Structures are given as C-alpha cells and as structure tokens.
Amino acid sequence: MKKWILPLAFVLLLIAGCGNEAESGSVEETEGENIIKIGSSPDGYPLSFQEDGEVKGFNADIYNAIFDELNYEIEWVMTDWTGVLANLDTGNVDTASNFAMTPERAEKYTFSDPYYNSKAAVAVAQDNETIQSVSDLEGADVGTILGTNFQNVLNEEYPDHGGEIIDYENNEVVYNDVIAGKIDAYLYGREQLLAMINDRDIALEIAGEPFGIQPVALPFKDTPENQELISDINDVLAELRSDGTLAEISEKWYGMDIYEEEAE
C-alpha cells in the first residue's frame with residue numbers, strides 16, 4: 001500500500017498547480033475555449049432574467065451577439081444586485097450586466113463603449129392621483145433597488161425632491177408594496193418599468209417624463225488583457241449597431257427602436 005503514497009501526492013500537487021494557473025488570468029480559458037463570467041440578477045426583466053434555467057432578455061441577447069462573434073462562452077453568475085457588485089469587486093465575475101457608466105464607477109473600472117442609454121422614471125399605483133411627475137415626490141416614500149444608481153440620478157436631477165428612499169433587494173417586492181400602498185412610488189429604469197407594466201400586467205403607471213440619461217456599458221478591471229478585450233467588444237458593438245442587430249433586439253423586447261430615440 002505504501003507504494004501508492006508518492007504518486008498520489010504528486011498527482012495532487014499537479015492538480016493544485018493547474019488550479020492556481022487557471023485563477024491567475026482575467027478571463028478563463030478552458031481547452032482553447034474562452035469563457036467570460038457575467039454577473040447579473042435573476043429578476044431584471046426585460047434586461048436580463050432567468051426563466052426555465054435560461055438567461056434571457058435585452059442585455060442577454062446583446063451579450064450573446066457580442067461574445068458569439070468573439071468566440072466566447074458566457075457563464076452567468078446570478079445573484080441579487082449587491083452580490084453582483086461584490087462579485088465584480090472581488091473578481092468572481094469578469095463583468096456585469098446593465099452597468100451604468102458614472103464618474104464614481106469610472107474610478108474603479110474601465111468600460112466598453114455604451115450600448116444603450118438608460119433613463120430613470122417613477123412608477124406609481126394606477127389609482128394614485130397625487131404623484132403625477134417627479135416634482136410631486138416631496139415627502140413621498142420611494143422604493144428602489146439596493147446598489148443601483150437611480151437614487152443618485154434622482155438626487156442629481158431633483159435635489160429638492162425631499163422624498164425618503166427605501167432600498168429593496170428585488171423588483172417584485174417593490175411593485176407589490178407600491179400597489180398595496182405601503183410606499184408611494186418606485187424609482188427604476190424606464191425601459192424595465194414599461195416592460196413590466198405592458199408585458200406582465202403590473203398595475204402601475206409611469207408618472208411624468210423620464211429623466212437622468214445614463215450610458216450603459218460593460219465594466220472591467222483595468223488590465224492589459226481586458227483592454228484588448230474591450231477593444232474587440234467595441235468593434236463588434238459598432239458592427240451590431242450599423243447592421244441593425246441592436247435595433248432588432250430593441251424591437252423584440254420593447255416594441256420600439258430605442259436607438260432612433262437616442263439619435264434624436
């Protein structure tokens with residue numbers, strides 16, 4: 001029996017050594033196949049959401065188009081939004097879905113070119129006659145998703161709104177609380193709110209006009225390898241924009257070409 005001790009120890013050392021090499025790269029490579037890990041939340045309809053074990057949505061379609069062209073396989077890492085941010089900070093994912101480019105985030109990450117512009121909006125219960133626009137939020141309890149940038153957008157655009165911001169961990173609880181009258185409004189992305197209202201019959205309505213345009217892009221840690229990958233992503237994004245693929249994806253999920261709106 002003792003004859004097997006040395007070979008087994010040697011094999012274990014080889015396995016450990018291989019594991020260390022795999023962890024050292026920015027993007028994992030397995031037998032010549034590139035794998036990119038994307039952090040996302042499972043309930044971000046219609047941007048990226050999990051259904052029947054598959055990740056779908058506007059963002060998912062765009063990422064699939066980009067990384068299919070670059071010969072990468074996407075590995076989705078699904079958590080709540082605070083988990084997405086933590087995974088990005090610790091390197092457990094390579095990038096994150098639906099990430100607004102802000103000056104604060106630019107201090108930590110380097111970004112691809114933006115692939116769409118997010119707009120913030122306020123949604124209220126359909127029988128709410130008090131809040132007709134963002135300017136009516138004074139003294140209101142406003143729900144938003146913990147870790148998102150919408151509170152900052154509201155504070156920048158309407159610093160005197162005077163409303164109390166209440167952080168939630170997922171969408172469903174927020175809009176149920178708005179419908180039940182537990183809070184007054186839901187501050188979130190206009191595109192997401194429209195899709196939830198129109199496609200899933202959520203009993204909310206958008207109060208007033210959208211505001212706070214924020215470019216959305218793929219964030220990465222600033223390494224030479226990631227800079228090269230970002231350059232490739234930007235080339236593919238330019239092609240997808242020019243050949244109409246981005247417009248087709250927009251029509252599929254929103255029933256409209258948001259890129260025409262951005263060009264105005």
Side-chain angles (χ1 to χ4, degrees), residues 38-64 76 78-84 96-100 115-134 137 140-151 153-154 165-212 214 216 246-259 261:
I38 302 179
S40 184
S41 57
D43 61 345
Y45 185 88
L47 295 171
S48 53
F49 61 99
Q50 201 163 23
E51 185 176 78
D52 300 326
E54 182 182 354
V55 179
K56 304 176 182 179
F58 172 76
N59 283 332
D61 283 357
I62 290 177
Y63 302 158
N64 285 331
W76 292 94
M78 309 300 283
T79 63
D80 60 24
W81 187 246
T82 54
V84 172
S97 175
N98 207 57
F99 210 80
Y115 59 89
Y116 89 102
N117 289 327
S118 171
K119 297 179 179 67
V122 171
V124 297
Q126 292 176 345
D127 60 354
N128 187 318
E129 298 180 357
T130 303
I131 300 174
Q132 301 295 315
S133 69
V134 181
L137 289 179
D141 294 331
V142 182
T144 192
I145 300 299
L146 180 67
T148 62
N149 192 52
F150 294 112
Q151 179 177 349
V153 172
L154 179 64
I165 304 298
I166 302 170
D167 289 325
Y168 286 76
E169 292 188 357
N170 67 72
N171 293 312
E172 186 173 353
V173 177
V174 191
Y175 55 68
N176 284 338
D177 278 4
V178 176
I179 293 168
K182 294 180 179 180
I183 61 173
D184 300 300
Y186 182 18
L187 172 65
Y188 204 50
R190 182 202 57 171
E191 292 79 13
Q192 297 98 307
L193 289 171
L194 284 174
M196 286 190 288
I197 292 168
N198 295 330
D199 300 345
R200 297 193 168 181
D201 296 325
I202 304 301
L204 300 176
E205 61 184 25
I206 291 179
E209 297 298 318
F211 59 95
Q214 295 280 330
V216 178
L246 294 186
E248 290 177 6
I249 294 172
S250 173
E251 290 281 0
K252 172 183 174 181
W253 289 103
Y254 301 125
M256 61 179 288
D257 181 2
I258 62 172
Y259 298 99
E261 185 180 64

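Just so you know, these numbers come straight off a predicted model, no measurement behind them.
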For the pair Thr144 (side chain) and Leu187 (backbone), establish whether a donor and an acceptor sit closer than 3.5 Å, ignoring hydrogens and angles.
yes
Once ring pair (Phe, Tyr, Trp, His ring centres under 6.0 Å) is applied, what residue pairs with a partner in residues 165-184 remain, sequence neighbours excluded?
none
What's the spacing between Met196 CE and Glu191 CD if we round to 0.5 Å?
11.0 Å
Just to verify, what does Tyr63 make a ring-ring contact (aromatic ring centres under 6.0 Å, His included) with, not counting sequence neighbours?
Tyr115
Do any N or O atoms from the side chain of Asn170 and from the backbone of Val173 form a donor-acceptor pair under 3.5 angstrom?
yes
For Tyr188, which residues count as a ring-ring contact (aromatic ring centres under 6.0 Å, His included) partner, sequence neighbours excluded?
Phe150, Tyr186
Check whether any side-chain heavy atom of Phe58 lies under 4.5 Å from a side-chain heavy atom of Asn98, and answer yes or no.
no
Search all heavy atoms of Asp257 against all heavy atoms of Ala247 and return the closest pair with its distance.
OD2-CB, 3.6 Å
With side-chain contact (heavy atoms from CB on, under 4.5 Å) as the criterion, how do Val142 and Ile166 come out once you've worked through the C-alpha distance, each side chain's angles and the decisive distance to 0.1 Å?
CA-CA 6 Å; Val142 182; Ile166 302 170; over 6 Å; no
Closest non-hydrogen atom pair between Val153 and Ala120, with its separation:
CG1-CB, 4.1 Å
Between the OH atom in Tyr116 and the OG atom in Ser250, the distance rounded to the nearest 0.5 Å is 10.5 Å
How many angstroms lie between atom CG of Asn59 and atom CD1 of Ile249, to the nearest 0.5 angstrom?
9.5 Å
Find out whether Asp177 and Val174 are in side-chain contact, i.e. whether some heavy atom of one side chain is under 4.5 Å from a heavy atom of the other.
no
Let me see the working for Ser41 and Asp80 under side-chain hydrogen bond (donor to acceptor under 3.5 Å, both in side chains), right down to the final yes or no.
CA-CA 5 Å; Ser41 57; Asp80 60 24; over 6 Å; no
Decide if atom CD of Glu251 counts as having more than 12 heavy atoms of other residues, nucleotides or ligands within a radius under 6.0 Å.
yes
Interatomic spacing from CG in Asn176 to CG in Asn171 - rounded to 0.5 Å
10.5 Å
Taking all atoms of both residues into account, what is the closest heavy-atom pair of Ser48 and Val55, and its distance?
CB-CG1, 4.5 Å
When you check the side-chain N and O atoms of Tyr254 and Asp199, is any donor under 3.5 Å from an acceptor?
no
So which pairs with a foot in residues 49-61 pass salt bridge (Lys or Arg N to Asp or Glu O under 4.0 Å), sequence neighbours left out?
Glu51-Lys56, Asp61-Lys252
Might you work through the side-chain contact (heavy atoms from CB on, under 4.5 Å) test for Val124 and Thr130, ending with a clear yes or no?
CA-CA 10 Å; Val124 297; Thr130 303; over 6 Å; no
For Asp184, give me all partners under side chain to side chain donor-acceptor pair (under 3.5 Å), at least two apart in sequence or on another chain.
none
Side chain to side chain, Asp43 and Glu172, heavy atoms closer than 4.5 Å:
no
Least distance between heavy atoms, Val216 atom then Ser118 atom
CG2-CB, 3.7 Å
For the pair Ile206 and Val122, evaluate side-chain contact (heavy atoms from CB on, under 4.5 Å) and give the outcome as yes or no after the intermediate values.
CA-CA 6 Å; Ile206 291 179; Val122 171; over 6 Å; no
Strictly distance-based, threshold 3.5 Å: is any side-chain N or O of Asn198 a donor or acceptor partner for the main-chain N or O of Leu194?
yes
Please say whether more than 12 non-hydrogen atoms of neighbouring residues, nucleotides or ligands are located less than 6.0 Å from CD in Gln151.
yes
Locate the shortest heavy-atom distance separating Ala123 from Val178; write the atom from each residue and the value.
O-CG1, 4.3 Å
Determine, step by step, whether Glu169 and Ile145 satisfy the side-chain contact (heavy atoms from CB on, under 4.5 Å) criterion, reporting the C-alpha distance in whole Å, the side-chain angles of both residues, the deciding distance to 0.1 Å, and the verdict.
CA-CA 6 Å; Glu169 292 188 357; Ile145 300 299; over 6 Å; no
Those residues that, when tested against Phe49, pass ring-ring contact (aromatic ring centres under 6.0 Å, His included) (two or more places apart)
Tyr45, Trp253
Interatomic distance, Leu193 atom CG to Ile202 atom CD1 [nearest 0.5 angstrom]
10.5 Å
Residues, nucleotides or ligands: over 12 heavy atoms within 6.0 Å of Glu205 CD
yes
When you measure from the side chain of Trp81 to the backbone N and O of Leu146, does any donor-acceptor pair fall under 3.5 Å?
no
Just by distance, do the side chain of Ser133 and the backbone of Ala207 share a donor-acceptor pair under 3.5 Å?
no
Between Ala203 and Ile179, which heavy-atom pair has the shortest distance, and what is it?
O-CG1, 3.7 Å
